[in-house]
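In what follows, a structure is listed as structure tokens, so that the remarks can point back to it.
Because only heavy atoms are used, hydrogens play no part in the values below, and waters and symmetry mates are left out as well, while side chains stay in. Only a predicted model underlies this, so the values are computations on that prediction, with no experimental measurement involved. Letters A, B, ... mirror the listed sequences (proteins, then strands); counts begin at 1.
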Amino acid sequence: MKVSIVLPPNSKEALETRERILEIATEQFARFGVRTITMEDIARQAGISKKTIYQEYADKRDLVKAVFARILEEDQKRLTFILETEDGVIEHLVQTSKMMRERLSSINPMVIMEVQKYFPEAWRMFEEFKEHTIQTDLVNVLEKGKELGYFRPEIDSLILAKVRMNQITSAFDPSNFANPEFNFVEEQLVLMDHFLHGIFTEKGRQAYHSQKEILN
DNA sequence: TACCGC
DNA sequence: AGCGGT
């Protein structure tokens with residue numbers, strides 16, 4: 001039996017078709033995987049025809065890329081915004097770990113493997129994001145944190161930014177996912193915590209922990 | 001919605 | 001076989 005999702009008859013068309021497709025795709029891909037969800041599934045849930053989807057997106061790869069691009073963009077905005085506020089270093093760190101937990105635990109880990117394997121262009125976008133945005137962001141936080149006395153003054157921001165990036169990358173290694181014991185989200189959070197405690201001053205450590213109490 | 005081809 | 005694409 002087919003289950004059809006009935007939407008409010010015309011929820012004001014507040015969302016453009018393109019946007020609706022993107023939202024449904026984002027949610028469905030994250031929950032069930034980019035391979036198990038078909039273009040037809042998305043069309044059905046959106047209450048439109050496949051043809052309409054293909055008017056907005058050239059093909060499935062294009063749609064997967066758009067989904068990823070949007071997630072990355074949103075996260076980036078949230079993070080740079082925090083760092084632009086005065087000080088903001090500690091808030092940025094705690095917010096980052098919160099975002100990672102929320103984001104990663106809402107994504108079926110299988111999706112990560114599928115995208116690496118079957119949607120290399122979308123994966124490439126993620127890698128570029130890592131290499132440019134995350135690295136730049138890290139160097140900025142590290143520098144600012146040093147100036148404000150949260151991190152030990154002798155640390156090399158660029159080297160440590162790269163170390164941190166390698167930690168992130170290593171947790172994404174497909175061989176990890178083969179192990180059922182492996183908790184992807186937990187590993188990322190533990191690695192981040194460990195990294196931070198290696199560079200905190202006492203002031204930084206305390207600020208981090210009290211900020212965590214407040215925000216989490 | 002039917003259909004093709006991978 | 002079933003999905004992407006027409």
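Residues passing the ring-ring contact (aromatic ring centres under 6.0 Å, His included) test with F29(A): none are found, sequence neighbours excluded. In this structure E186(A) satisfies the side chain to side chain donor-acceptor pair (under 3.5 Å) test with no other residue, sequence neighbours excluded. Under the ring-ring contact (aromatic ring centres under 6.0 Å, His included) criterion, F177(A) pairs with F182(A), F184(A), sequence neighbours left out.
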Taking only nitrogen or oxygen atoms into account, show me every contact under 3.5 Å that the protein makes with nucleotides 1-6 of chain C, one pair per line with its distance.
residue: dG4(C); atom: OP1; partner: K60(A); partner atom: NZ; Å: 2.7
residue: dG4(C); atom: OP2; partner: M39(A); partner atom: N; Å: 3.1
residue: dG5(C); atom: OP2; partner: Y54(A); partner atom: OH; Å: 3.2
residue: dG5(C); atom: OP2; partner: K60(A); partner atom: N; Å: 2.7
residue: dG5(C); atom: N7; partner: K50(A); partner atom: NZ; Å: 2.8
residue: dG5(C); atom: O6; partner: K50(A); partner atom: NZ; Å: 2.7

Per-pair distances, 0.1 Å, donor-acceptor, side chain in residues 188-198 of chain A, under 3.5 Å, sequence neighbours excluded:
residue: Q188(A); atom: NE2; partner: I168(A); partner atom: O; Å: 3.3
residue: D193(A); atom: OD1; partner: Y208(A); partner atom: OH; Å: 3.1
residue: D193(A); atom: OD1; partner: K212(A); partner atom: NZ; Å: 3.2
residue: H197(A); atom: ND1; partner: D193(A); partner atom: O; Å: 2.8

Listed pairs under 3.5 Å, donor-acceptor, residues 63-73 of chain A side chains, sequence neighbours left out:
residue: K65(A); atom: NZ; partner: E121(A); partner atom: OE1; Å: 2.8
residue: R70(A); atom: NH2; partner: E19(A); partner atom: OE2; Å: 2.5

